[in-house]
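Along the sequence shown, residues carry numbers from 1. Remember, predicted model here, so these are calculated numbers, not experimental data.
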Amino acid sequence: MSGLKCNTSLPVAMGFMLVGLPYSISLAAQWLYGWPNKPGYKKYMEALKPRRIYCLTRAVLETLKYLQYGRLYFQWKSWYKNDKNREHYEKGITFGRRGNKLDLYHPPNVDRSKDAPSPLVVFIYGGAWGSGDRSIYCLLARQMAEELSSTVICPDYFTYPKTNVLGMVQDIADCLIWARESGAKFHFDKDNIVLIGHSAGAHLCALTTLFLIDAREELFIEVSIQRDIMLAIRGIIGLSGVYNIMDHYEHEQKRAVEYVSTMHKAMNGVENFPYYSPTHLLKKFSQDKLSRVPPFALLHGTSDIIVPVESSMKLSELLTSLSIKVSLYLLPKVDHTEIVTDLMASDRRFYHPIYSCIKQEYKKLLGTC
């Protein structure tokens, strides 16, 4: 009898592992984050397709690797809460029409009463247009201020479902207005600004810049102010960014995450993908507007499965074809998360290789090399 039980339980266990577990994980993810956008019962039929079940399960299980960042999580949590570190930065400065907050990090070993104002880095974090918080990037901003000898600001911005991508662009534009108005108070050079963004943040850096060049009415900012902001932006450094929304949507479809992803919701549907795609806007720009596009430096890890390396490669090819200055760095073995988490502490595996690229491009953008 014991042998029969063993022979019976093994197939049952295997069946659960191969069928029950994937279906449970996939259906739970779709229940939490969104069912397929199909009418009536068809959304459940689409949700139960074997390919979707197994691809989505794989995507969910891939997130378990974030557990390796547990130590880093407690490091930044502790650093941000420690009041002794307040000498390094200004916390919770209010800006913009929606009352967002930003943190400002001073470059160390700089006498603000004697030395010339430092250049300004505006770091825009990612989070799939649906999450993120400036406190998570306190260690990154602190290290970046030291490595680049610059003031670094890290703003929060409203994300989906509180707003759409246009609202996010407005928030980032508001942050740039604040920077233009606050240079003297915080001793940074308001005329030397570099935008650095990761993932969705890189997309928003590019999109905000192009909207400002295009003097978009929907930003609800005076044209003269938009022009002044653009004169101050020296360049954009994109880390594993999304630049063609339709291309990225097709990649999400391959991974079966397009319905649980925030992206299409934050963009107000597939029909608005061209409107929010930097690559699409660039192709429509006149020669005069193209001449005002600042240089780009694009960094992308070759092991990135969240945003394929082709995203940066295609933008680089497009910018080159339009005679816009661009540098492209393909970083071997770096994945989507490491390209930003490894900038938080000098003992991280890719800290020095990534910062080497950033520092080289940063100096070029500021014209100091």
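- Side-chain contact between Asp342 and Arg349 is present, with heavy atoms from C-beta onward closer than 4.5 Å.
- His203 pairs with exactly one of Tyr276, Trp129, Tyr243, Phe273 by the ring-ring contact (aromatic ring centres under 6.0 Å, His included) rule, that one being Trp129.
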In sequence, state the C-alpha distance, the side-chain angles, and the governing distance for Lys65 and Glu338, and then conclude on salt bridge (Lys or Arg N to Asp or Glu O under 4.0 Å). CA-CA 11 Å; Lys65 69 181 180 181; Glu338 288 167 332; over 6 Å; no
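- Using a 4.0 Å cut-off between charged side-chain N and carboxylate O, Arg180 and Asp191 make a salt bridge.
- His300 contributes a side-chain N or O that, together with a main-chain N or O of Val307, makes up a donor-acceptor pair within less than 3.5 Å.
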Could you go step by step and tell me if Ser118 and Ser150 meet the side-chain hydrogen bond (donor to acceptor under 3.5 Å, both in side chains) rule? CA-CA 5 Å; Ser118 61; Ser150 299; 5.9 Å; no
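- Remark: the backbone N or O of Thr279 is not paired with any side-chain donor or acceptor of Ser277 at under 3.5 angstrom.
- Here the two rings, on Phe74 and Trp79, have centers that are 6.0 Å apart or farther.
- Ion pairing of Arg255 with Glu252 is absent here, as no side-chain N (NZ or NE/NH1/NH2) approaches a carboxylate O to less than 4.0 Å.
- Grouping the Ile, Leu, Val, Met, Phe, Trp and Tyr side chains by contacts below 4.5 angstrom, directly or via other members, places Phe158 apart from Leu166.
- Residues satisfying the ring-ring contact (aromatic ring centres under 6.0 Å, His included) criterion with His336, sequence neighbours excluded, are His198.
- Using a 4.5 Å heavy-atom threshold, the side chains of Val165 and Leu204 count as touching.
- A distance-only check finds a donor-acceptor pair linking the side chain of Gln226 to the backbone of Ile221 [under 3.5 Å].
- Atoms CG and CD1, on Leu219 and Ile225 in that order, are 11.5 Å from each other to the nearest 0.5 Å.
- Taking the charged nitrogens against the carboxylate oxygens, Arg134 and Asp156 do have a contact shorter than 4.0 Å, which makes a salt bridge.
- Between the side chain of Asp174 and the main chain of Arg97, a donor-acceptor pair closer than 3.5 Å is present.
- In this structure the side chain of Arg292 reaches within 4.5 angstrom of the side chain of Lys289, judged on heavy atoms.
- Remark: the backbone N or O of Tyr259 is not paired with any side-chain donor or acceptor of His264 at under 3.5 angstrom.
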Evaluate the criterion side-chain hydrogen bond (donor to acceptor under 3.5 Å, both in side chains) for residue pair Tyr80 and Gln75; output intermediate values, then yes/no. CA-CA 9 Å; Tyr80 196 73; Gln75 281 181 319; over 6 Å; no
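- For Lys101, the side chain to side chain donor-acceptor pair (under 3.5 Å) test picks out Thr94, with sequence neighbours left out.
- Here the straight-line distance linking atom CG of Leu331 with atom CG of Leu299 works out to 5.0 Å at 0.5 Å rounding.
- Other residues, nucleotides and ligands contribute more than 12 heavy atoms inside 6.0 Å of the CD atom of Gln68.
- Between Arg142 and Tyr89, every side-chain heavy-atom pair lies at or beyond the 4.5 Å cut-off.
- Put simply, the side chain of Asn82 never gets that close to the backbone of Ser78: no donor and acceptor are under 3.5 Å apart.
- Scanning both residues, Ala200 and Ala128, for their nearest heavy atoms gives CB-N, 3.9 Å.
- Looking only at side-chain heavy atoms (C-beta outward), Ile233 and Leu176 come within less than 4.5 Å of each other.
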List the steps and the verdict of side chain to side chain contact (heavy atoms under 4.5 Å, CB included) for Leu343 and Gln143. CA-CA 7 Å; Leu343 299 180; Gln143 293 298 126; over 6 Å; no
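- Atom CG of Asp214 sits about 8.0 Å away from atom CD of Glu218, to the nearest 0.5 Å.
- Between the side chain of Thr209 and the backbone N or O of Cys205, at least one donor-acceptor pair lies under 3.5 Å.
- Within a 6.0 Å radius of CD in Glu217, other residues, nucleotides and ligands contribute 12 heavy atoms or fewer.
- When every heavy atom of Met230 is checked against every heavy atom of Pro294, the shortest pair comes out as CE-CD, 4.0 Å.
- By the 6.0 Å and 45° rule, Lys162 does not stack over the aromatic ring of Tyr157.
- Between the Ser131 side chain and the Gly127 main chain, a donor and an acceptor come within less than 3.5 Å of each other.
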Tyr329 and Gln360: CA distance, side-chain angles, deciding distance, side-chain hydrogen bond (donor to acceptor under 3.5 Å, both in side chains) verdict: CA-CA 11 Å; Tyr329 294 85; Gln360 179 175 321; 3.3 Å; yes
Donor-acceptor pairs under 3.5 angstrom involving side-chain atoms of residues 314-323: please list them, not counting sequence neighbours.
| residue | atom | partner | partner atom | Å |
| --- | --- | --- | --- | --- |
| Lys314 | NZ | Asp247 | OD2 | 3.3 |
| Thr320 | OG1 | Ser316 | O | 2.8 |
| Ser321 | OG | Leu318 | O | 2.6 |

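- Using cut-offs of 30° and 60° on the angle between ring planes, the pair Trp76 and Tyr73 is perpendicular.
- Counting only distance, with no hydrogens or angles, the side chain of Arg216 and the backbone of Ile213 share no donor-acceptor pair below 3.5 Å.
- For the pair Ile237 and Leu365, the minimum side-chain heavy-atom distance is below 4.5 Å.
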Check step by step if side-chain hydrogen bond (donor to acceptor under 3.5 Å, both in side chains) holds for Asp288 and Ser286. CA-CA 5 Å; Asp288 174 62; Ser286 65; 4.9 Å; no
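- Within a 6.0 Å sphere centred on CZ of Arg71, heavy atoms belonging to other residues, nucleotides or ligands number 12 at most.
- Using a 4.5 Å cut-off on side-chain heavy atoms (C-beta onward), Tyr362 and Val194 make contact.
- A donor-acceptor pair is defined here as one N or O able to donate and one able to accept, closer than 3.5 Å; such a pair exists between the side chain of His251 and the backbone of Ile305.
- Ring pair Tyr137/Tyr125 is parallel by interplanar angle, where below 30° counts as parallel and above 60° as perpendicular.
- For the pair Leu298/Val326, a side-chain contact is recorded, criterion being any heavy-atom separation below 4.5 Å from C-beta on.
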